[in-house]
Amino acid sequence: MPSKVHNFGAGPAKLPEEVYEVIQKELTNFEGTQISLLETSHRSQTYMKLNTEIQNVVKRLLNVPDNYKILFLSGGGTGEFAAVPLNLISRTGSADYVVTGDWSAKAAKEAKKYGKVNLVLPPGGSHTGIPDQSQWNLDPNASYVYICTNETIHGVEFDFVPDTKGVPLVADMSSNIMSKKIDVSKFGVIYAGAQKNIGTAGVTLVIIREDLLGHALPICPSILDWAANAKADSILNTPPMFAIYIMGRVLQWVERNGGVEGMAKNASKKASLVYDIIENSKGFYYAPVAKDARSKMNVPFRIGNPGNDALEKEFLKGAESLGLIQLKGHRNVGGIRASIYNAVTVEEVETLAKYMKEFQAKYS
Ligand code: PMP
């Protein structure tokens, strides 16, 4: 393995190098307290201040309107798969799920435990695109419409906000939050596990419009009850403080680097570098996702169509020997996947692009 590696893992994913420097400096003496945040009370002024500070960074970065609450919860994305129906489905007893990949499918499956789930798209698709909204079967009586704005496994990303005709829109943004500007006011709930674009596993950022609080089913565990957590300002119990702190330091890094607009500019540059090579490879590389739904965060591709397993293995082996790591596609889809989240630099993606070109020249 070369001394420098470039991590293209889908998550837990690369954190900005600068953030590691900050964390190292602060690890044993947090803001002059002479103790680590790891051994600080969650009810201390030190932590309360940090809690507010991070809420404010989120607010500034996404321009979150005042009628939204910002929560830091545990349980990951999977926890929210349950929390969403537990908190919202009581409104009408049913919910619309737009299944565009494995993560929204998992969320729909979880929701079925708590109410009726209407599949907006015909089931069994290949998850290589997002059908036009004119083909969606939306139920005007749904408690909410659920989407996953970026399917991490299939590399399918929404480039539009669906019009749900007033039904609250709930979005899992685990793998593309803070990668571009969004209009928060178009969403009822946004959530994101931190371990891809904004930190490390353990905390989920949840942003909720206030009128959607207070509708939880009686069986909803307190720890998943958004209203209870909002009332307690995300300190209902001992929160995953260190993960929250890391998320805060990553978000401050985003802010120092041009905010979400800066991230979006880089994301477009990085995604083009990879997709252009695929497009210009005369079929040597193959990207299965339709152009208008191609993710700027996760680029899955095959060598040949159908993929050539042996050549893909060779590709991954060669990549590792150059320090380009964690490029293996998800086991559900196979092939190769380059995850190019905010912390992955343009230079790193250029290194990958160079390798892709050389590999093609050698094997085509
Ligand atoms: N949603 C998306 C889009 C994901 O990529 C993932 C994890 N890869 C999850 C949800 C599940 O998150 P967790 O592992 O934190 O439960």
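Positions are given from 1 along the sequence. Order of appearance sets the numbers: ligands from 1, and atoms from 1 within every ligand.
Residues Asp96 and Val167 are not in side-chain contact: their nearest non-hydrogen atoms beyond the backbone lie 4.5 Å or more apart.
Sequence neighbours left out, the pairs with a member in residues 207-231 that pass side chain to side chain donor-acceptor pair (under 3.5 Å) are Lys69-Glu210, Glu80-Trp226, Arg209-Asp211.
Between Lys4 and Glu347 there is no salt bridge, since none of the side-chain N atoms of the basic residue sits less than 4.0 Å from a carboxylate O of the acidic one.
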At less than 3.5 Å, what protein N or O atoms come close to the N or O atoms of ligand 1? Include the distances to 0.1 Å.
unit_1	atom_1	unit_2	atom_2	d
ligand 1	1 (N)	Asp172	OD2	2.6
ligand 1	5 (O)	Trp103	NE1	3.4
ligand 1	5 (O)	Thr152	OG1	2.5
ligand 1	8 (N)	Lys196	NZ	2.8
ligand 1	15 (O)	Gly77	N	3.0
ligand 1	15 (O)	Gln195	NE2	2.9
ligand 1	16 (O)	Gly77	N	3.3
ligand 1	16 (O)	Thr78	N	2.8
ligand 1	16 (O)	Thr78	OG1	2.5

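The ring of Tyr341 has its center no closer than 6.0 angstrom to the ring center of Phe8. Ring centroid separation for the pair Tyr47 and Tyr245 does not come in under the 6.0 Å cut-off.
The residue from Thr152, Asn176, Thr149, Asn298 that alone fulfils the side-chain hydrogen bond (donor to acceptor under 3.5 Å, both in side chains) condition with Glu157 is Asn176.
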